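Worksheet: the structure to be examined is printed underneath.
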Protein chains: 2
Amino acid sequence: MILGNQVEWALHCMTVLARMPEETLVSSKVLAEFHGVPKEYLSKAMQALAAAGLVHTQLGPRGGYSLSRPANKISMLDIVEAVEGDKKTFNCQEIRRNNPCTNLKTVKLPVCNIAAVMYQADNAWRDVLRKKKLSDVIADLKEIVPRPVLDKSLDWVLGKS
Amino acid sequence: MILGNQVEWALHCMTVLARMPEETLVSSKVLAEFHGVPKEYLSKAMQALAAAGLVHTQLGPRGGYSLSRPANKISMLDIVEAVEGDKKTFNCQEIRRNNPCTNLKTVKLPVCNIAAVMYQADNAWRDVLRKKKLSDVIADLKEIVPRPVLDKSLDWVLGKS
DNA sequence: TTTATCACGGACAAATTGTATCCTTAATTT
DNA sequence: AAATTAAGGATACAATTTGTCCGTGATAAA
Ligand code: FES
Ligand code: FES
């Protein structure tokens, strides 16, 4: 039960976009180089973000991505689900129906109580991510990353855009 | 980020063991038949539970598994981690170190703030499972499953043990 | 208008992980 | 001694993840 790397990539890309001045577009090439990951593959993650409506895309030369709404209206859950899908982490196969001494194959049953707990855990996980907005992430970033590094990074990306 | 079926199997097997009278052993053959899953493969999950010290095993004819401690001392997290491992659901690859305009390759850094939130979510997930004891699961079971079904199942397993 | 740059998206390939079977060994009961 | 059971290694197959390649269409700059 491990999240793919795409999630880490997408989250970091979104923090980059969130720090850009309004109307600035960043191409997947620049995002890929900045994070040291394969451009074509990162592009898939960006497409997922675009499909989820989290980023706006612009084709053509000097095209790229920008946030489609303010960073305080985008949660980490939005990003994770855009890339990873919204399937639950626990997949109940209804093995209780295989019970050989009853005939539960067709009967309607309430959700299995074991699955219910797993879903509850899944929801607790999602709640944390839902409450954390991209704007909060940026705020945290400014706490732990030295200002010069932050500024240099921003300039680097802007210089390529 | 999906848990394997082994987790569902292991959880259900543990509820079966928890309902057995003291000193009763249940073989993997019976557990497999009861849940309608391949015996050899289920056996791997049971080995994991044994390795984690959650069940006691007995070799030889009429051997099998039993809980190694009371059901209120075993949490769902114990079971899930025994089967699935205790790796975090989010695997930070430290892509921030690839930043081309700084040299972070070797520097010591505090944990990335993005990873920190993911770990926090991971912990929230684990907390729910940690708080739910196997004994609670049995109690829930008695709420939602009709008594006759419960009794018949117990008798079926006992009859094979 | 031409050219270069970009996102999009399909097809494909490689690597990793999940699912499942088989078979040998050792322990234990009958 | 014979039958039964868990342990565990080897292996095969399927599914998913990770990554590459290339063609298409949009668009801005020359
Ligand atoms: S039947 Fe799926 S968790 Fe119980
Ligand atoms: S570097 Fe891994 S989450 Fe930030």
Side-chain angles (χ1 to χ4, degrees), chain A residues 1-10 13 17 23-33 35-66 68 80 82-85 87 89-91 93 95 157 160-161, chain B residues 1-10 13 17 23-33 35-68 80 82-85 87 89-91 93 95 160-161:
Chain A
M1 164 196 181
I2 308 286
L3 289 172
N5 298 339
Q6 301 258 55
V7 174
E8 185 181 6
W9 301 357
C13 285
L17 294 183
E23 306 284 322
T24 310
L25 297 168
V26 186
S27 72
S28 56
K29 184 185 170 199
V30 171
L31 289 171
E33 191 180 346
H35 294 116
V37 300
K39 164 181 169 296
E40 300 286 355
Y41 191 30
L42 172 62
S43 167
K44 306 292 185 188
M46 296 310 296
Q47 280 173 45
L49 294 175
L54 301 182
V55 296
H56 164 253
T57 81
Q58 167 87 36
L59 274 63
R62 310 196 54 81
Y65 301 92
S66 61
S68 64
V80 171
V83 172
E84 200 76 9
K87 293 177 309 241
T89 54
F90 179 76
N91 180 291
Q93 304 271 105
I95 62 172
V157 175
K160 303 243 175 182
S161 301
Chain B
M1 165 193 182
I2 308 287
L3 290 170
N5 298 339
Q6 301 258 56
V7 173
E8 185 180 5
W9 301 358
C13 285
L17 294 182
E23 306 285 321
T24 310
L25 296 168
V26 185
S27 72
S28 54
K29 185 186 170 199
V30 172
L31 288 171
E33 193 180 345
H35 293 116
V37 300
K39 164 181 169 297
E40 301 286 355
Y41 191 30
L42 172 62
S43 167
K44 305 293 184 188
M46 296 310 296
Q47 280 173 45
L49 294 175
L54 301 182
V55 297
H56 164 253
T57 82
Q58 167 88 39
L59 272 63
R62 310 195 54 80
Y65 301 91
S66 61
L67 292 193
S68 64
V80 171
V83 172
E84 201 77 8
K87 293 176 309 240
T89 54
F90 180 76
N91 180 291
Q93 304 270 102
I95 62 171
K160 305 240 173 184
S161 300

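Every chain is numbered from 1, with letters handed out A, B, ... down the list of sequences. What you see below is based on every heavy atom in this structure, not just the backbone, and it leaves out hydrogens, waters and symmetry mates. Values in this document were obtained by computation on a predicted structure and should not be read as measured data.
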Figure out the [atom1]/[atom2] separation between [X] and [N], and round it to whole Å.
X        : N      : atom1 : atom2 : answer
A:Leu49  : C:dC8  : CG    : C1'   : 14 Å
A:Leu42  : D:dT20 : CG    : P     : 12 Å
A:Lys39  : C:dC8  : NZ    : P     : 11 Å
B:Met46  : D:dT5  : CE    : C1'   : 13 Å
A:Glu40  : C:dC12 : CD    : C1'   : 13 Å
B:Lys160 : D:dT4  : NZ    : P     : 14 Å
A:Tyr41  : C:dC12 : OH    : P     : 19 Å
B:Phe90  : D:dT17 : CZ    : C1'   : 16 Å

Protein-to-nucleotide contact annotation, 5' to 3' order, nucleotides 23-30 of chain D [B base; S sugar-phosphate only; - none; under 4.0 Å, heavy atom]: --BBBB--
Overall bend - the helix from C:dT1-D:dA30 to C:dT30-D:dA1, comparing terminal axes fitted on five pairs, nearest 10 degrees: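 Inter-axis angle at the ends, rounded: 10°.
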Would one find a side-chain N or O of [X] under 4.0 angstrom from OP1 or OP2 of [N]?
X       : N      : answer
B:Ser43 : D:dG8  : no
A:Ser28 : C:dA7  : yes
B:Asn5  : C:dT19 : yes
A:Thr57 : C:dC8  : yes

Atom pair CZ (B:Arg62) and CG (B:Leu25), whose distance is rounded to the nearest 0.5 Å: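 Between B:Arg62 CZ and B:Leu25 CG, I get 9.0 Å after rounding to 0.5 Å.
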Inter-residue atom distance B:Leu31.CG - B:Leu17.CG, 0.5 Å rounding: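 Rounded to the nearest 0.5 Å, the CG-CG separation comes to 5.5 Å.
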All side chain to side chain donor-acceptor pair (under 3.5 Å) counterparts of A:Gln6, not counting sequence neighbours: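 Testing A:Gln6 for side chain to side chain donor-acceptor pair (under 3.5 Å), a comparison that skips the adjacent residues, returns none.
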Residue pair A:Ala45 / A:Val83: nearest heavy atoms and the distance that separates them: O-CG2, 4.4 Å
Nearest non-hydrogen partners of B:Tyr65 and B:Ser43, listed with the distance: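 Closest pair (atom of B:Tyr65, atom of B:Ser43, distance): OH-O, 4.4 Å.
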Backbone of A:Gln93 reached by a side-chain donor or acceptor of B:Glu8 within 3.5 Å: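 It does hold such a pair.
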Check: A:Ser68 side chain, A:Leu54 main-chain N or O, donor-acceptor pair, under 3.5 Å: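 It does hold such a pair.
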Residue pair B:Ser66 / B:Val26, side-chain heavy-atom distance below 4.5 Å: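 With C-beta onward as the side chain, the pair stays apart.
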Test item: A:Met46 and A:Trp9 side chains (from C-beta on) under 4.5 Å apart, heavy atoms: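 No, every pair of side-chain atoms sits at 4.5 Å or beyond.
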Residues A:Lys39 and A:Glu33 bridged, charged N to O under 4.0 Å: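 Not counted as a salt bridge, because no side-chain N and carboxylate O are separated by less than 4.0 Å.
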[X] has a side chain; which of [options] sits nearest to it?
X       : options               : answer
A:Tyr65 : C:dC8, D:dA6, C:dC23  : C:dC8
A:Trp9  : C:dG9, C:dA20, D:dG19 : D:dG19
B:Ser27 : D:dT5, C:dG9, C:dA20  : D:dT5

Side-chain donor/acceptor contact of A:Lys44 with base of C:dG10 under 3.5 Å: yes
